Amino acid sequence: MQTTSLGYLTKQVSIAVLGVDDLWIRSLLDKNQFHDPLDEALNLGISSATWPLFGLLWPSGQCMAERMAQRPVTTERILEIGCGLGLSSLVAHRRGANITASDCHPLTHTFLDENTRLNGLPRMAYRHGLWGTAALREDGLPILTLAQDADVHGLFDLIVGSDILYERDDEGTLANFINTHAAARSEIWVIDPNRGNRAAFHRHMARLGFDLHEQRIDRVAQDGVAAYKGRMLTYTRS
């Protein structure tokens, strides 16, 4: 456990990802951490309840990292959205892939830079990525804080996101965000822990011309790896 001068506690752990060397990850100590004295997160639509979620490791992120460890490294441009601690991005970055990590939390970039340093890696490309109700303050007031990082821009051949279907999205803001940054020929990977919002997302992605392949993930606990149930959603457009 480490105490920071910024008002929250962290820990540093070694994370095993199947197929690659272990990674050192600095994360928040637990989901009870909170520090937003200037309302930077609040003004980006991040409430006190959701503030710590970026800084924790999640099972879906572990599954996505394992998929990224198996992806052949080419010249393709890759974008991770809602990256949080960026475990998948770190795996790809260390393997030499051309990846950009993105999130909307004001501390994500700081944690990502620290985790690249801990693993002896050069700094990774990072952009601010925001969609849906994350762009609205919970008290209804307008967003006043400008993001510290440049917004996601350009087109990507592969876009990945783990556990990003965490809210109802009747307007299709996430699908539209993905479409804005997906190349004409592109592939989208989403790992979802059966949160119940897949059907609407499928419809919005189909409207935008993406075909779906859905694979069930049903893994039992073994060798220190936790059990996991969810779906691997692969959308392609050609």
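In this text the structure is predicted, and so the values were computed from the model without any measurement. We use all heavy atoms of the structure for the numbers below, so side chains are in, but hydrogens, waters and symmetry mates are not.
- Linking Ile, Leu, Val, Met, Phe, Trp and Tyr residues whenever their side-chain heavy atoms come within less than 4.5 Å leaves Val20 and Leu118 in two separate clusters.
- Considering all non-hydrogen atoms of both residues, Ser60 and Pro193 come closest at OG-CD, 3.5 Å.
- With hydrogens and angles disregarded, a donor-acceptor distance shorter than 3.5 Å links the side chain of His204 to the backbone of Asp170.
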key: Ile164 vs Ile81, side-chain contact (heavy atoms from CB on, under 4.5 Å): CA-CA, chis, key distance, verdict   = CA-CA 8 Å; Ile164 56 176; Ile81 60 177; 3.8 Å; yes
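- The shortest non-hydrogen separation linking Leu90 to Asn115 is CD1-CB, 3.9 Å.
- Here the CG-CD distance, from Leu112 to Glu80, works out to 9.0 Å after rounding to the nearest 0.5 Å.
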ask   = Step by step, would you call Gln215 with Thr234 a side-chain contact (heavy atoms from CB on, under 4.5 Å)?
value = CA-CA 8 Å; Gln215 177 185 358; Thr234 301; over 6 Å; no
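- Taking every heavy atom of both residues into account, Ser162 and Met64 meet most closely at CB-CB, 4.1 Å.
- Hydrophobic clustering of Ile, Leu, Val, Met, Phe, Trp and Tyr side chains at less than 4.5 Å, counting indirect connections, unites Leu56 with Ile191.
- Ring to ring, Trp51 and His105 are close: their centroids are under 6.0 angstrom apart.
- Side-chain contact check for Tyr166 versus Asn197: every heavy-atom pair is 4.5 Å or farther apart.
- Separation of atoms CZ (Arg198) and CZ (Arg203) is listed at 12.5 Å; rounding is to 0.5 Å.
- The backbone N or O of Met232 lies less than 3.5 Å from no partner atom in the side chain of Arg67, so there is not a single donor-acceptor pair.
- Salt bridge annotation for Asp192-Arg231: absent, with no cationic side-chain nitrogen under 4.0 angstrom from a carboxylate oxygen.
- At a threshold of 4.5 Å between non-hydrogen side-chain atoms, the residues Ser14 and Leu23 do not count as touching.
- Judged purely by atom type and a 3.5 angstrom limit, Asp218 has no side-chain atom pairing as donor or acceptor with the backbone of Lys229.
- Applying the 6.0 Å contact sphere to CD of Glu214 captures more than 12 heavy atoms from other residues, nucleotides or ligands.
- Between the side chain of Asp39 and the backbone N or O of Leu42 there is no donor-acceptor pair closer than 3.5 Å.
- Under the 4.5 Å side-chain criterion, counting only non-hydrogen atoms from C-beta, Thr10 is not in contact with Glu114.
- Residues Ile188 and Leu155 do not share a hydrophobic cluster, clusters being chains of Ile/Leu/Val/Met/Phe/Trp/Tyr side chains in contact below 4.5 Å.
- Between Gln62 and Ala16, the shortest heavy-atom distance links the atoms NE2-O, 2.5 Å.
- No side-chain heavy atom of Trp24 sits less than 4.5 Å from a side-chain heavy atom of Val13.
- Judged by a 6.0 Å distance limit and a 45° cone about the ring axis, Arg77 is positioned over the six-membered ring of Phe156.
- Between the Ser88 side chain and the Ala65 main chain, a donor and an acceptor come within less than 3.5 Å of each other.
- Counting only heavy atoms from C-beta outward, the side chains of Trp189 and Tyr235 never approach each other to under 4.5 Å.
- Remark: the backbone N or O of Asn176 is paired with a side-chain donor or acceptor of Thr180 at under 3.5 angstrom.
- Qualifying salt bridge (Lys or Arg N to Asp or Glu O under 4.0 Å) partners for Arg219, counting only residues two or more places apart in sequence or in other chains: Glu66.
- A salt bridge links Arg195 to Asp163: at least one charged side-chain nitrogen sits closer than 4.0 Å to a carboxylate oxygen.
- Residues Ile46 and Thr50 come closest through the heavy atom pair CG2-OG1, 3.6 Å.
- The two residues Met124 and Thr116 come nearest to each other via the heavy atoms CE-CG2, 4.1 Å.
- In the hydrophobic clustering of ILVMFWY residues, with side-chain heavy atoms under 4.5 Å counting as a link, Val73 and Ile159 come out apart.
- We find that Arg127 and Asp151 are not joined by a salt bridge, their nearest charged nitrogen and carboxylate oxygen being 4.0 Å or further apart.
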query = Do Phe201 and Ile178 pass the side-chain contact (heavy atoms from CB on, under 4.5 Å) test, and can you show the C-alpha distance, the side-chain angles, and the key distance before you say yes or no?
reply = CA-CA 11 Å; Phe201 184 64; Ile178 290 172; 3.8 Å; yes
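- The shortest distance between side-chain heavy atoms of Leu85 and Phe111 falls below 4.5 Å.
- A chain of hydrophobic side-chain contacts below 4.5 Å, direct or via other Ile, Leu, Val, Met, Phe, Trp or Tyr residues, connects Ile78 to Leu121.
- Within the 4.5 Å cutoff, side-chain heavy atoms of Leu87 are placed close to those of Ile15.
- With hydrogens and angles disregarded, a donor-acceptor distance shorter than 3.5 Å links the side chain of Arg237 to the backbone of Ala183.
- Note that CD of Glu76 is 4.0 Å distant from CZ of Arg71, once rounded to the nearest 0.5 Å.
- Donor-acceptor pairing under 3.5 Å is recorded for the side chains of Asp149 and His109.
- The closest side-chain donor-acceptor pair between Glu187 and Thr236, if any, does not fall under 3.5 angstrom.
- A donor-acceptor contact closer than 3.5 angstrom is absent between the side chains of Asn43 and Glu40.
- Contact of the Tyr8 side chain with the Leu107 side chain is registered, since non-hydrogen atoms from C-beta on lie closer than 4.5 Å.
- Using a 3.5 Å distance cut-off with no hydrogens or angles, the side chains of Ser89 and Tyr126 do not pair a donor with an acceptor.
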key: Intermediate values then yes/no, side-chain contact (heavy atoms from CB on, under 4.5 Å), Arg185 and Asp157   = CA-CA 7 Å; Arg185 288 174 173 262; Asp157 306 295; over 6 Å; no
